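Quick notes on the structure that follows.
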Amino acid sequence: MVLLSLAYHSLRNRLLTTALTVVSIALSVALLVGVEQVRRGARESFSNTISQTDLIVGARGGSLQLLLYAVFRMGSATNNISYESYQILARHPAVEWTIPYSLGDSHRGFRVVGTTEEFYTRYRFRRHRKIEFAAGRAPREIFEVAIGSDVASALGYKIGDAVTLTHGVASGRGILDHDDRPFRIQGILARTATPVDRSLYIPLEGMEAMHMDWADGAPPMPGEETPAASIRKEHLQIKQITAFLLRARSRIDTLRLQREINTFEDEPLMAIIPGVALNELWRTIGYAEDALSVVTAFVLVVGLLGMLVSLYTSLNERRREMAILRAVGAGPRTIIFLLVTESGLLALAGTVLGVGLAYALALTAQPLVERHFGLFIPLVRPTAAGWAYLSAVVVAGVLIGFVPAVKAYRNALADGLGVRL
Amino acid sequence: MTPAAGRGWAIEMEDARFSYRGGPEIVRIGGLRVEAGEHVFIFGPSGSGKTTLLGLLAGVLRATSGRVSILGQDLTAMKPSGRDAFRASHIGYIFQLFNLIPYLSVRDNITLPCRLNAERRRRLNGTPMEEAAGRIATHLGMGSLLGENVSRLSVGQQQRVAAARSLMGTPELVIADEPTSSLDFDHRERFVELLFQECREANSTLIFVSHDQSLMPMFHRTVSLTEINEAM
């Protein structure tokens, strides 16, 4: 108790260095905790990019590829699936709902998704959240389009603007623009902070209408195309889609349905479970988070070394103090204990402050980060591993204290009672 | 030579020698005895081995050979930790200057030996530490300064706080290393008188080392270190 009070008063006496040391440890601890929170947030957000979809179905190919084009709007499908196959599966008794996707066109780098009303009512992300409109409504007519919030903000579009879609995926103006059949913006989706924001949504019929009169991947000759105004929904026959999302009536059916789709006789199809595929993908890009952890660990080491330096350099000016303590009967053990206690207290204070700082920051930054980066930072208590890290910091602080402590002990032995200043 | 009736030897040194490892002999004292309760003035100009002698008496240094007994206990036979414990229990020490822990109050500085050592605490005979500190401080004219931060004190006041601390828990031996060298003349005598008075009350032996001979007449006995240290 005496030594604890001595250590406390001694630290308070060097308030500035103590504060700086504590702050430097606190910052590195806050970084550690913060990175951990962001990691969990990122993982959480990532695996909740899409929810309530039991299976993603596409033409047979790579499962990662299917995940990328169906969920992340990256890459493209090698094959489409026929509308008949889709209809057979959509009417399967074990299926609750499906959302068809028809992909392949773009608008100034943003993907165009042909889909149905189901997308606006059934699609879920981040567990229970559904598609909402920041403005306007879902497209109903053939040449109507709803745009994701990123598209709206990047291109500055508003309701009523006309957009021209491009055949294929091009970043700027494409070579094969469907400029004869422009789409009118009827809705702007509310921000979801998922890839949904980076697409434009048109009716399946719109996708079909756009490519009307096309043959062998080439547009009709000028003058031969059907005028947009004369195209009616009834005239359009949807022939194929790229992929569809599927919800089973019961989770138990999922695996059976998956097997059924994978062995579908009419056409080579593939079904993947989004959660499983997302986890696989996360694991492949997960080494980035390991790198982040390593950097954090190094920052922490630097913080602790800062404490070592500050304690060590303070020893010279404290030689007198040590001699006095020796004179009133403190043995070397007492002196070692005093310094180890000081360094332990610094590490403890730094850790506590750092954790507080990290949570305070997470709390204030939470809505901001969610809005801008689509990362939801969960405010949860540290995990068992988290606690272990934090205790390790304090223990490391105590252990580091032995370095100046042994030095002080040597000083004290050499000085005896006769320090000259 | 035997001590006066009813008294033991506070200090006995017999052929005590000291040299740092491989260095020349700094102290060689054939015989030095101080009776319990005596107030001895050790005259030691600089370079006479004064610091080393005090280190030996306080048990911070261990004699290379010979015997150094304090209160009948042979310090040379003890382990370093034993000597630390012995010093904590039985010896009060006053430095020439900078006696105080800068981050503790006057009161906390005075009570420090009692807080660090159970034996010193026990000798307060049940008086609460703060009360005992207050009593000594009042005797030394510092009663009103107990709550002060030590950095606010004048040098003279600091030395009196150091004296109060060395006397807390009535140690048998008080060693003062030039405690008055930073005080002006009037304060020196006054300080020594207070120290005497407190040592008498506590029945403590006082070893007072100084190169200032003007204080010599106030003591029972004077020992010249230059004469007894054969190494010089």
Side-chain angles (χ1 to χ4, degrees), chain A residues 1-19 21 310-311 314-343 345-346 405-406 408-421, chain B residues 18 20-21 46 50-62 79-105 108-121 129 149-151 162 165-166 168-169 171 175 177:
Chain A
M1 260 338 272
V2 190
L3 288 173
L4 208 60
S5 129
L6 269 182
Y8 167 73
H9 281 106
S10 147
L11 287 175
R12 230 186 50 175
N13 186 48
R14 290 169 288 127
L15 196 58
L16 185 66
T17 15
T18 300
T21 309
S310 94
L311 279 179
S314 75
L315 286 184
N316 242 342
E317 51 195 88
R318 297 177 68 188
R319 283 181 106 124
R320 187 72 218 171
E321 184 188 327
M322 297 302 155
I324 296 165
L325 287 173
R326 289 272 283 153
V328 297
R333 223 179 305 167
T334 315
I335 285 173
I336 286 180
F337 190 84
L338 177 68
L339 280 152
V340 169
T341 307
E342 284 187 17
S343 114
L345 280 178
L346 286 174
V406 167
Y409 162 62
R410 291 235 177 95
N411 279 350
L413 277 193
D415 292 345
L417 303 176
V419 191
R420 299 263 176 264
L421 286 180
Chain B
F18 182 84
Y20 285 101
R21 194 186 299 261
S46 56
K50 184 193 69 169
T51 307
T52 311
L53 173 67
L54 294 179
L56 288 171
L57 292 177
V60 174
L61 301 175
R62 181 178 173 277
K79 283 192 285 187
S81 59
R83 292 201 299 271
D84 287 330
F86 184 83
R87 176 173 63 254
S89 309
H90 303 287
I91 300 174
Y93 201 100
I94 310 171
F95 289 102
Q96 182 174 359
L97 255 182
F98 308 116
N99 265 290
L100 308 177
I101 305 275
Y103 49 82
L104 296 181
S105 68
D108 287 348
N109 261 289
I110 295 178
T111 55
L112 196 56
C114 284
R115 286 195 286 159
L116 282 172
N117 184 271
E119 170 71 15
R120 292 280 277 271
R121 220 163 27 239
M129 234 183 273
N149 191 316
V150 294
S151 55
R165 181 179 65 203
S166 72
M168 269 295 275
I175 299 174
D177 178 7

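Keep in mind that what you see is a predicted model, and the values were worked out from it rather than measured. Below, chains carry the letters A, B, ... as their sequence lines are ordered, and counting in each starts from 1. Heavy-atom basis, side chains included; hydrogens, waters and symmetry copies ignored.
With sequence neighbours left out, the side chain to side chain donor-acceptor pair (under 3.5 Å) criterion links A:R318 to A:S10, A:E321, A:E342. Residues passing the side chain to side chain donor-acceptor pair (under 3.5 Å) test with A:T21, sequence neighbours excluded: A:S310.
Side-chain contact check for A:N13 versus B:L104: every heavy-atom pair is 4.5 Å or farther apart. Within the 4.5 Å cutoff, the side chain of A:L6 has no heavy atoms near those of the B:D108 side chain.
Both the backbone and the side chain of B:I101 come within less than 4.5 Å of a heavy atom in chain A. Interface residue B:R165: only side-chain heavy atoms are found under 4.5 Å from chain A. If you measure heavy-atom distances from B:I175 to chain A, you find no contacts under 4.5 Å at all.
Here the side chain of B:R87 pairs a donor or acceptor atom with the backbone of A:R326 at under 3.5 angstrom.
Across A:I324 and B:L100, no two heavy atoms sit closer than the pair CD1-O, 3.5 Å. For the pair A:A323 and B:F95, the tightest heavy-atom approach, listed with the atom from each and the gap, is O-CZ, 3.9 Å.
Around atom CZ of B:F86, more than 12 heavy atoms belonging to other residues, nucleotides or ligands sit under 6.0 Å away.
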